[in-house]
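Notes for the one structure printed next.
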Amino acid sequence: MRAADSKLAARLTWLATQAAGRVSSRLAGPITTRLWFTPWRVPVGERATRRQAEWLRGTERVTFEVDGRRIVAYAAGDGPPVLLVHGWGERGASLGAFVEPLTTAGYRVVGVDLPGHGASEGGQVDGFELAAAIARVCESLGGVHAVVAHSMGATTSLYAASRGAPTDALALLAPSPRLDHALVTFSQMLRLPPKAVAGLKATIERRYGADVWDRLSTESLTEGVDGPVLIVHDRDDPQVALADAETLHAALPASRLVTTDGLGHGRILRDPKVIEAVTSFLGEVTPVRRTAGAGA
């Protein structure tokens, strides 16, 4: 779906939630669920598009097969593999500023378009599917030196690592480690009527169980994660509160928290000091001998 078509479809779906949300939660639930599970493309302007294209100049296109879906990625460099994972509605190119610094530092960088995002296949998806895809890509690469992930991609990467995805370290940028907080933010950002939110919450619980909020809480996500973790969060992030990153840091004994100012939720991905902090962190991680693949 083209960006313009995606924007129109999202707008129409949102209007439907507004109308249904004034009537009943049962009527609004399925419509709001579509809004929640569809990774509507984040609009990218001409300047950002040119910037991303420049970041990816010289990379090669690779693909992975994950549960019958073709996952598209870009790759560059040689050495221990580092996987770049974008946030909800984004694409792999959004982390393209990391390519040159990491390849120069001696890593093979692989940036993936998650299922339903960018050039990869898939329609509506959930966090469990994204986490499974991240784990499968890590496995296809023979395990990775680190995963560098942003926003919801950081959450799903953390979930994948907690369930055994082969990665030595995690660098989490603006992570959103609580599903219940994500639901509140989603509802506020889209100004959803209370009945629409209630319908969505009921649908999520029917689909995944009433304990899904606990299964995707900070406490659950950090279980089994004992490797080094870098958390970078901006104090002025309008989407994810710094308190969530602080709670995550407290729950991970081998973690380090770096805070920034004035970068918000998106510019943190291209800030030179953030990129330098991540690159330096990866250099401190003891590498494990792995056999890296280029994709399937």
Side-chain angles (χ1 to χ4, degrees), residues 39 42 44 48 51-64 66 71-120 130-131 133-161 165-176 229-232 265-272 274-283 285 290 292-295:
V42 174
V44 180
R51 183 168 58 225
Q52 291 181 0
E54 181 62 25
W55 287 337
L56 301 192
R57 188 162 56 91
T59 64
E60 61 176 316
R61 179 185 172 104
V62 297
T63 60
F64 302 87
V66 177
I71 304 301
V72 177
Y74 60 82
D78 296 300
V82 174
L83 180 65
L84 305 181
V85 179
H86 61 80
W88 186 260
E90 294 280 359
R91 56 181 181 168
S94 65
L95 278 81
F98 285 90
V99 174
E100 183 177 358
L102 291 180
T103 55
T104 300
Y107 300 106
R108 175 152 177 85
V109 177
V110 179
V112 64
D113 284 353
L114 292 173
H117 294 74
S120 293
L130 299 185
I134 292 165
R136 290 289 298 278
V137 171
C138 288
E139 292 165 1
S140 296
L141 293 169
V144 299
H145 182 67
V147 176
V148 179
H150 178 236
S151 192
M152 182 60 73
T155 306
T156 51
S157 295
L158 182 60
Y159 182 87
T167 177
D168 297 332
L170 296 168
L172 308 178
L173 312 177
S176 175
V229 178
L230 174 68
I231 303 167
V232 184
H265 194 69
R267 282 189 294 139
I268 198 170
L269 296 179
R270 60 181 189 271
D271 180 74
V274 172
I275 295 171
E276 181 182 358
V278 171
T279 304
S280 176
F281 165 72
L282 297 189
V285 175
R290 301 185 188 280

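Throughout, residue positions are numbered sequentially from 1 according to the sequence presented. No experiment lies behind these values; they were computed from the predicted model shown.
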| field | Minimum heavy-atom distance between Pro175 and Leu172, given as atom pair plus value | value | CD-O, 3.8 Å

| field | Ala93 versus Tyr74, closest heavy-atom pair with distance | value | N-CE2, 3.8 Å

| said: With a sphere of 6.0 Å drawn around CD of Glu139, does it hold more than 12 non-hydrogen atoms of other residues, nucleotides or ligands? | reply: yes

| Least distance between heavy atoms, Tyr159 atom then Ala131 atom | CD2-CB, 3.5 Å

| field | Sidechain-backbone polar pair: Arg108 side chain, Pro80 backbone, donor-acceptor under 3.5 Å | value | no

| request: Can you see which heavy atom on Thr103 is nearest to which on Ala76, and at what distance? | output: CG2-O, 3.5 Å

| query | Is any side-chain heavy atom of Phe98 less than 4.5 Å from a side-chain heavy atom of Leu282? | reply | no

| query | Ignoring hydrogens and geometry, is there a side-chain-to-backbone donor-acceptor pair from Asp168 to Ala146 under 3.5 Å? | reply | no

| Among Leu95, Ile134, Leu83, Leu84, which one satisfies side-chain contact (heavy atoms from CB on, under 4.5 Å) with Val112? | Leu83

| message | How close do Val66 and Ala133 get, counting heavy atoms only, and between which atoms? | response | CG1-CA, 3.8 Å

| Does His117 reach the main-chain N or O of Pro39 with its side chain, forming a donor-acceptor pair under 3.5 Å? | no

| request: Would you mind reporting whether Phe64 and Val110 have side-chain heavy atoms less than 4.5 Å apart? | output: yes

| field | Donor-acceptor contact present, side-chain Ser280 to main-chain Ala277, <3.5 Å | value | no

| His86 (side chain) donor-acceptor with Leu114 (main chain) under 3.5 angstrom | yes

| task | Heavy atoms only: give me the nearest Thr279-Ala105 pair and the separation to one decimal. | result | CG2-CB, 3.9 Å

| Has the side chain of Thr155 got a donor or acceptor atom that lies under 3.5 Å from a matching backbone atom of Ser176? | yes

| message | Applying the side-chain contact (heavy atoms from CB on, under 4.5 Å) criterion to Val147, which one of Leu158, Thr167, Val82 satisfies it? | response | Thr167

| message | When you compare the side chain of Leu102 with that of Tyr107, does any pair of heavy atoms fall below 4.5 Å? | response | yes

| said: With a 4.0 Å cut-off on N to O distance, would you call Glu54 and Arg57 a salt bridge? | reply: yes

| message | With a 4.5 Å cut-off on side-chain heavy atoms, are Val278 and Leu173 touching? | response | yes

| Test item: Ser120 side-chain N/O and Val72 main-chain N/O as donor-acceptor pair under 3.5 Å | yes

